[in-house]
Amino acid sequence: MTDQPMPHSPAPELFTWEFASDPYPAYAWLREHAPVHRTRLPSGVEAWLVTRYADARQALADQRLSKNPAHHAEPAHAKGKTGIPGERKAELMTHLLNIDPPDHTRLRRLVSKAFTPRRVAEFAPRVQELADGLIDRFAGAGSADLIHEFAFPLPIYAICDMLGVPREDQDDFRDWAGMMIRHGGGPRGGVARSVKKMRGYLADLIHRKREALPAEPGPGEDLISGLIRASDHGEHLTENEAAAMAFILLFAGFETTVNLVGNGTYALLTHPEQRARLQASLAAGERALLGTGVEELLRFDGPVELATWRFATRPLTIGGQDIAPGDPVLVVLAAADRDPERFAEPDTLDLARRDNQHLGYGHGIHYCLGAPLARLEGQTALATLLTRLPDLRLAVDPDELRWRGGLIMRGLRTLPVSFTPVARSADIGTPSSQK
């Protein structure tokens, strides 16, 4: 009598509301039993999911996987299901998430001239001012929804300031951005309409800034002016490219930070011993644990669940699975970053984790250009919350929280909290924001 292989547990159901609340058990099953798994997505598009860390890292850097939706094998009508709704009609396709070398190399080099680490570092006081100003609005109330009152407006106002959007127009951007992250929760076609409005506004703003651009950059020059300036010396960005880049910096830059702050705060509130370590470290004037802590929060329950779309341009093999030309490939960052083959005790939150080469910001030539800004915003937001609201706590049972539906991003719809009412920042000697 021969031994029969033991049947493994049935494949989990993906993309349900239960899955959205906690996808990690399903991803663990896929890593073990079907690490490169073909599935039908809620949109009806079929794609390969890559879930192991080594395979994910390979796929993110594999130039046989194109970012250009033109390589999608399905009929043209399906292509609109693989990117940001409305970006094609709004002529916003020529951004870094949709192109390959050599165009990607040229655009990234030009954008990097404007979006420098120095520019981000100089922006730190403004991010702190915004964080304090937003907390001031609810600090005396003793309760808040941290998504809508803090995590969402902070990166919107920050990236608007950095881009050079006038203060009087920033609430329009907040409304458009709010529609864009509802993921089906708003009126039909609302996302595409918001994208179109944002596109029109950015085109007009870029034109006005180009007309008024001084010969030499002044101190604190905004990012759109920097993009225009980079475009006017030899190599250049067209106005369409500049608008697409400004759009994707805002779109990719704000929702990831909303989710980093929201998911990160939720993780700290549900891991009190780790939260206490971080608060003690901040109280002692130390920043090291805050730095490693934000990286661990990105790994543990990061803002981007799946990397953006890739399409095979020729036959290739990932994790022993053959991929045909034209097939979409989605790298599951959330699964790769909890792979026990790469991370010790991957389901444990350890803010002091050192060996933490997570994939939360991607890998290879498409590594997130805005990572320094996201780190600055995440560190500032969490440090300010924990310092100013030291007894911050969840106001509902964790099971009552709902996660936004959507394929790429992972984030909470709301995060109700309570705390002891405290004084405004202006009353305790720290700067406060106009916002």
Give a yes-or-no answer on whether the side chains of [X] and [Y] include a donor-acceptor pair shorter than 3.5 Å.
X: Asp145; Y: Thr414; value: no
X: Gln170; Y: Asp161; value: yes
X: Asp339; Y: Tyr27; value: no
X: Thr384; Y: Gln128; value: yes

So, are [X] and [Y] salt-bridged, with charged N and O less than 4.0 Å apart?
X: Glu341; Y: Arg52; answer: no
X: Lys209; Y: Glu221; answer: no
X: Arg199; Y: Asp204; answer: no

More than 12 heavy atoms of other groups within 6.0 Å of Arg314 CZ: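 No, the 6.0 Å shell around CZ holds no more than 12 heavy atoms from other groups.
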Mind checking whether Arg31 and Tyr53 have side chains closer than 4.5 Å, heavy atoms only? no
Can you confirm whether Tyr157 sits close enough to Phe173 that some side-chain heavy atom of one is under 4.5 Å from a side-chain heavy atom of the other? no
Calculate, to the nearest 0.5 Å, the distance between atoms OG1 and CD belonging to Thr256 and Glu377 respectively.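 The distance works out to 8.0 Å.
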Say you draw a straight line from OG1 of Thr292 to CG of Asn356; how long is it, rounded to the nearest 0.5 Å?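 One gets 8.5 Å once the value is rounded to the nearest 0.5 Å.
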Would you verify whether the NZ or CZ of Arg402 falls within 45 degrees of the ring axis of Trp17 while also being under 6.0 Å from that six-membered ring's centre? no
Taking the six-membered ring of Tyr24, is the NZ or CZ of Arg338 close enough (under 6.0 Å from the centre) and on axis enough (within 45°)? yes
For His148 and Phe152, take the angle between the two ring planes, folded into 0 to 90°, and tell me which bin it lands in: parallel under 30, tilted 30 to 60, perpendicular over 60. tilted
Going through the checks in order, is the side chain to side chain contact (heavy atoms under 4.5 Å, CB included) test met by Leu289 and Gln274? CA-CA 10 Å; Leu289 190 63; Gln274 292 294 310; over 6 Å; no
